[in-house]
Amino acid sequence: NASADQLDVGKKMSHSITRRNKAQHPENQAEMPQDLKTSKTAPSSKESAPAPGIDTPFDGQKGAPKWNKEDTVWMLSLFGTAIGAGVLFLPINAGIGGIIPLIIMTVVALPMTYWAHRGMTRLVLSSSKPDGDLTDVVEEHFGKKAGVLMNVLYFLSVYPILLVYSVTITNTVNSFLEHQLGITPPDRWLTSLLLVGGLILIVRMGKDVVVHVMSYLVYPFIGILVLLSLYLIPKWNTALFDSFDLNVAREASGHSMGVTLMLLVPVMVFSFNHSPMISSFAVDRRQTYGKFAEAKSRKTLLRAEILMVVVVMFFVFSCALSLSPADMADAKAQNITILSYLANHFDNPLIQWIAPIIAMIAVAKSFLGHYLGAAEGFEGLVVKGSKNASKDDAESAHKLDTITLIFMLVTAWLVAWADPSILGMIETLCGPTIAIMLFIIPMVAIHKVPALKRYKGKASNYFVFFMGLVALATIIYSIVQAF
């Protein structure tokens with residue numbers, strides 16, 4: 001099993017933002033699965049880590065080394081971090097437009113996810129520093145200002161997700177109180193404050209414990225999604241197939257097919273994203289395999305993405321087939337996860353009780369992980385942006401800590417209280433910012449940077465770049481709609 005420290009926080013924080021205070025940086029406890037730390041092939045941090053051109057045990061070989069246990073551990077770690085609470089919104093946006101978007105999504109999910117993460121891995125591997133992460137690489141190829149931009153983008157890709165989960169946890173708990181326990185929920189400002197404040201308090205009390213507990217929740221969550229998908233099979237119906245008629249689909253989603261597909265892209269980007277783990281993955285593969293790092297990481301990534309797409313698409317189809325496009329539109333209007341909707345929709349005690357509890361645990365887990373990432377990003381930006389802030393001096397570190405806490409708590413609480421559309425936030429904030437980092441920057445680098453020129457001109461690059469632009473187009477679309 002993958003190391004406790006690695007899974008969820010490795011996912012959120014692999015872009016090292018604050019260079020100082022290395023010892024406390026969560027990324028440094030989230031670098032590689034435990035099994036690999038004792039492995040003979042992985043050099044310890046004290047040895048000089050091989051970059052391209054530095055000896056590794058495999059340099060004498062003609063071809064890349066065979067698949068081994070380390071690769072399996074990494075594959076499972078990447079798979080584990082890719083499946084989080086984001087998956088609980090995908091069936092709604094995918095199923096709302098009927099069967100045609102689902103079929104198109106099934107076709108593009110694997111190439112889109114695999115090629116994008118492969119591009120980012122290649123970008124990190126192109127660094128001349130043996131342990132250079134994403135920010136280092138961007139600084140090296142595009143200059144200091146681009147490195148700062150990368151930090152801003154990192155914060156903007158994690159922070160809105162924290163806000164999404166603040167709304168989600170409030171709605172999930174309210175729905176559970178109302179439908180399962182039969183209690184009228186207290187005023188929204190109070191529930192949201194208690195939930196957001198409570199979760200942040202948990203992180204403050206012990207980060208290491210949180211990281212440890214979260215990593216143990218990863219695989220049970222995936223297991224439960226698969227079991228739930230199987231459990232829904234007897235409830236499958238043909239309502240979805242009526243939506244081959246585009247008018248039926250348009251009635252449910254309220255959009256034309258083109259718009260439905262466009263709005264699906266950022267939600268897919270959001271649900272299938274595990275880019276924050278890519279830095280530590282690429283660095284570790286380079287240190288272990290030297291010149292074979294690209295070939296080895298490509299194989300590991302492909303297998304992880306296949307696992308992920310199969311599990312997620314099975315879950316999406318199972319939900320979509322057991323409900324109708326009109327139900328999905330209802331779930332979107334209620335602003336709840338698919339699990340809460342299933343619990344209220346089916347008159348079945350097992351689903352009614354288990355689904356919302358799983359949703360609460362999954363969302364809480366993702367909230368905690370993203371809180372750590374967003375706080376890290378916010379502190380990094382404050383340190384970079386102000387002359388006086390520093391994390392080395394105890395007094396200003398404490399002050400910075402307090403400012404971060406107040407900012408995160410107040411903003412997350414106010415957004416949770418306001419109850420904006422969760423899918424709307426994913427479509428206009430989370431999906432597009434992740435797309436810039438994961439789809440657009442690596443592809444621009446492949447076309448501009450000499451170290452990456454051997455990957456230039458491939459059809460897969462244009463496809464990834466195009467998907468990134470589609471995800472960005474939703475921002476423009478939403479602004480136009482608003483006016």
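These numbers were taken from a predicted model, which means no experiment stands behind them.
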Open item on the list: Strictly distance-based, threshold 3.5 Å: is any side-chain N or O of Thr474 a donor or acceptor partner for the main-chain N or O of Ala471?
Closed with: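 Answer holds: yes.
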TODO: Look only at the side chain of Asp187 and the backbone of Trp189, and say whether a donor-acceptor pair between them is shorter than 3.5 Å.
DONE: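 Checking the backbone N and O of Trp189 against the side chain of Asp187, no donor-acceptor pair under 3.5 Å is found.
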TODO: List the atom of Ala362, the atom of Ala85, and the distance in Å for their closest heavy-atom pair.
DONE: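 Closest pair (atom of Ala362, atom of Ala85, distance): O-CB, 3.8 Å.
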TODO: Grab the two heavy atoms, one from Met425 and one from Pro420, that are nearest each other, plus how far apart they are.
DONE: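 That would be SD-CG, 3.5 Å.
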Euclidean distance, [Y] [atom2] relative to [X] [atom1], rounded to 0.5 Å:
X      : Y      : atom1 : atom2 : answer
Ile358 : Thr172 : CD1   : OG1   : 12.0 Å
Phe89  : Ile426 : CZ    : CD1   : 5.0 Å
Tyr455 : Glu294 : OH    : CD    : 3.5 Å
Ser175 : Leu339 : OG    : CG    : 11.0 Å
Asp284 : Ser279 : CG    : OG    : 12.0 Å

- [ ] Test side chain to side chain contact (heavy atoms under 4.5 Å, CB included) on Glu427 and Asn93 and set out the steps.
- [x] CA-CA 10 Å; Glu427 289 160 2; Asn93 239 31; 3.0 Å; yes
- [ ] Show the numbers, then the answer: is there a side chain to side chain contact (heavy atoms under 4.5 Å, CB included) between Met112 and Val269?
- [x] CA-CA 9 Å; Met112 165 177 154; Val269 169; 3.6 Å; yes
Under 3.5 Å side-chain donor-acceptor pair for [X] and [Y]:
X      : Y      : result
Thr170 : Trp417 : no
Glu140 : Ser128 : yes
Thr411 : Tyr159 : yes

Open item on the list: Could you work out, with side chain to side chain donor-acceptor pair (under 3.5 Å) as the rule, every residue matching Thr300, not counting sequence neighbours?
Closed with: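 Scan of Thr300 (side chain to side chain donor-acceptor pair (under 3.5 Å), adjacent residues dropped) gives none.
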TODO: For Arg303, check side chain to side chain donor-acceptor pair (under 3.5 Å) against everything at least two apart and list the hits.
DONE: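 None.
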Can you tell if the side chain of [X] reaches within under 4.5 Å of the side chain of [Y], non-hydrogen atoms only?
X      : Y      : result
Ile422 : Thr337 : no
Val173 : Leu195 : yes
Ile222 : Tyr219 : yes
Ile475 : Pro432 : yes
Asp419 : Val167 : yes
His274 : Glu305 : yes
Phe221 : Ile361 : no
Leu381 : Val148 : no

Task: Partner of Leu438 under side-chain contact (heavy atoms from CB on, under 4.5 Å), chosen from Met443, Met120, Met467 - done: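 Exactly one candidate clears the test, Met120.
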Task: Given Leu409, Val203, Val196, the one that forms side-chain contact (heavy atoms from CB on, under 4.5 Å) with Tyr371 - done: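 Filter result, single survivor: Val203.
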Task: Verdict with supporting geometry, Leu263 and Ile96, side chain to side chain contact (heavy atoms under 4.5 Å, CB included) - done: CA-CA 11 Å; Leu263 293 176; Ile96 203 168; over 6 Å; no
- [ ] May I have the step-by-step check of side chain to side chain donor-acceptor pair (under 3.5 Å) for Ser460 and Arg118, ending in yes or no?
- [x] CA-CA 10 Å; Ser460 59; Arg118 183 186 67 181; 3.1 Å; yes
TODO: Hey, can you tell me if Phe407 and Phe378 have their rings parallel, tilted or perpendicular (30° and 60° cut-offs)?
DONE: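 Phe407 and Phe378: parallel rings.
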TODO: Test side chain to side chain contact (heavy atoms under 4.5 Å, CB included) on His370 and Val164 and set out the steps.
DONE: CA-CA 10 Å; His370 283 87; Val164 163; over 6 Å; no
Open item on the list: Check this for me, if you would: do Arg285 and Asp71 make a salt bridge, where the nitrogen-to-carboxylate-oxygen distance has to be below 4.0 angstrom?
Closed with: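 Yes, this pair counts.
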Task: Lys458 atom NZ, over 12 foreign heavy atoms within 6.0 Å - done: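 Yes.
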